[in-house]
There are 2 protein chains.
Amino acid sequence: MSYKEKKVITIGIVSELTGLSERQIRYYEERRLIFPERTNGGTRKFSFMDVEKLVSIANQMEDGMQTSEIRKLEKKKLSTQDAEVRNRMIQGQLNAAFPTKKR
Amino acid sequence: MSYKEKKVITIGIVSELTGLSERQIRYYEERRLIFPERTNGGTRKFSFMDVEKLVSIANQMEDGMQTSEIRKLEKKKLSTQDAEVRNRMIQGQLNAAFPTKKR
DNA sequence: CGTGTAAGGAATTCTGACACG
DNA sequence: CGTGTAAGGAATTCTGACACG
């Protein structure tokens, strides 16, 4: 796994990096917008990906979006990506199976 | 600055990532092999680069090297790199100044 | 709904020192 | 020299709750 996805940053640092309060960060986790891991003792651990996502969330909140909307939009984006990946894979399979077909 | 160099990891996580004890990590800082930053409160903050360097240090310690030797070797490596960079830059300047010269 | 805050406790980290070798 | 450990304190984080709106 790349450094970007490794969960190693505590909430205080994340707060500094994002400009969000710890309260906000915990709340966004409660609303299932981010998914930090935990140490054995229960301390949250975030990745740089989480930090980026939090900045994005902050922007969407500023635009008046609610956490529920942000979550839904995120889901939609992911399923769209999934569909695109599937399409490309199928297309690849077809191209391999029928090499004579144009393009 | 890239994620790799950003100082955001606390010593407990670094200990887990490297397999080194916190005592060892603090000692290597005392011997100036690594240079973590600090929070306002005084808590150490490490980067993924530091983590990599610590793994390298651990290997060198296993090979029987002393911290003073490791530090010297590190310095040597850096000055060698510097020299190489300078050489390349000078060569580049020369190539630009005398484009007719072969190569 | 989203966020601030005070409260109490627990986990984490810090330093300086002693020990062993 | 390099590392473990107990000690005491300070910084950090955690949860559940109340408040405001």
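So that the names make sense, note that chain A is the first sequence line, chain B the second, and so on, each numbered from 1. Since this is a predicted model, take the numbers as computed values, not measurements.
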Quick one: which of Glu69(B), Met61(B), Glu62(B) gives a side chain to side chain contact (heavy atoms under 4.5 Å, CB included) with Met65(B)?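 That would be Glu69(B).
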
Is [X] near enough to [N] that one of its side-chain N or O atoms lies under 4.0 angstrom from OP1 or OP2?
{"X": "Thr10(B)", "N": "dT12(D)", "value": "no"}
{"X": "Thr43(A)", "N": "dC14(D)", "value": "no"}
{"X": "Thr67(A)", "N": "dG2(C)", "value": "yes"}
{"X": "Tyr27(A)", "N": "dG4(C)", "value": "no"}
{"X": "Arg23(A)", "N": "dA6(C)", "value": "no"}

Which comes earlier along DNA chain C counting from the 5' end, the contact point of Gly42(A) or that of Met61(A), where each point is its nearest nucleotide?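 It is Met61(A) whose nearest nucleotide is closer to the 5' end.
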
Using heavy atoms to find the nearest nucleotide of DNA chain C for Gly41(A) and Ser68(A) separately, return the residue whose nucleotide is more 5′.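 Result: Ser68(A).
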
Rounded to the nearest Å, what distance is computed from the [atom1] atom of residue [X] to the [atom2] atom of nucleotide [N]?
{"X": "Gln60(A)", "N": "dG2(C)", "atom1": "CD", "atom2": "C1'", "answer": "15 Å"}
{"X": "Ile25(A)", "N": "dG4(C)", "atom1": "CD1", "atom2": "C1'", "answer": "14 Å"}
{"X": "Ile9(A)", "N": "dT13(D)", "atom1": "CD1", "atom2": "C1'", "answer": "16 Å"}
{"X": "Asn40(A)", "N": "dA10(C)", "atom1": "CG", "atom2": "P", "answer": "17 Å"}
{"X": "Arg38(B)", "N": "dT12(D)", "atom1": "CZ", "atom2": "P", "answer": "12 Å"}
{"X": "Lys45(B)", "N": "dC14(C)", "atom1": "NZ", "atom2": "C1'", "answer": "16 Å"}
{"X": "Glu29(A)", "N": "dT3(C)", "atom1": "CD", "atom2": "C1'", "answer": "16 Å"}
{"X": "Leu33(A)", "N": "dG2(C)", "atom1": "CG", "atom2": "C1'", "answer": "12 Å"}

List the steps and the verdict of side-chain contact (heavy atoms from CB on, under 4.5 Å) for Arg44(A) and Arg26(A). CA-CA 9 Å; Arg44(A) 268 169 273 252; Arg26(A) 293 193 188 102; 3.2 Å; yes

Answer yes or no: does atom NZ of Lys6(A) have more than 12 heavy-atom neighbours from other residues, nucleotides or ligands under 6.0 Å?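 Atom NZ in Lys6(A) is not packed in, count stays at 12 or less.
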
Taking everything shown except Arg88(B) itself, do over 12 heavy atoms lie less than 6.0 Å from its CZ?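 No - once you tally the heavy atoms of other residues, nucleotides and ligands closer than 6.0 Å, there are 12 at most.
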
When you compare the side chains of [X] and [Y], does any donor N or O come within less than 3.5 Å of an acceptor on the partner?
{"X": "Ser79(A)", "Y": "Asp82(A)", "value": "no"}
{"X": "Ser56(B)", "Y": "Gln60(B)", "value": "yes"}
{"X": "Tyr3(B)", "Y": "Glu52(A)", "value": "yes"}

Distance in Å, Tyr27(B) OH paired with Thr67(B) OG1, rounded so as to fall on 0.5 Å steps: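 It comes to 4.5 Å.
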
What pattern of brackets, bars and dots sums up DNA chain D from 5' to 3', given Watson-Crick or G-U wobble pairs under 3.5 Å, [ ] for crossing pairs and | for another strand? .||||.||.|.|.||.||||.

May I ask you to say what Arg26(A) touches in the nucleic acid, namely base, sugar-phosphate or nothing, with a heavy-atom cut-off under 4.0 Å?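 Here Arg26(A) touches the bases of the nucleic acid.
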
Nucleotide nearest [X] when distance is taken to its side chain, options [options]:
{"X": "Gln66(A)", "options": "dG4(C), dG2(C), dG2(D)", "answer": "dG2(C)"}
{"X": "Arg31(A)", "options": "dG2(C), dT3(C), dG2(D)", "answer": "dG2(C)"}
{"X": "Ile11(B)", "options": "dG4(C), dC14(C), dT12(D)", "answer": "dC14(C)"}
{"X": "Gln24(A)", "options": "dT12(C), dG4(C), dT13(D)", "answer": "dG4(C)"}

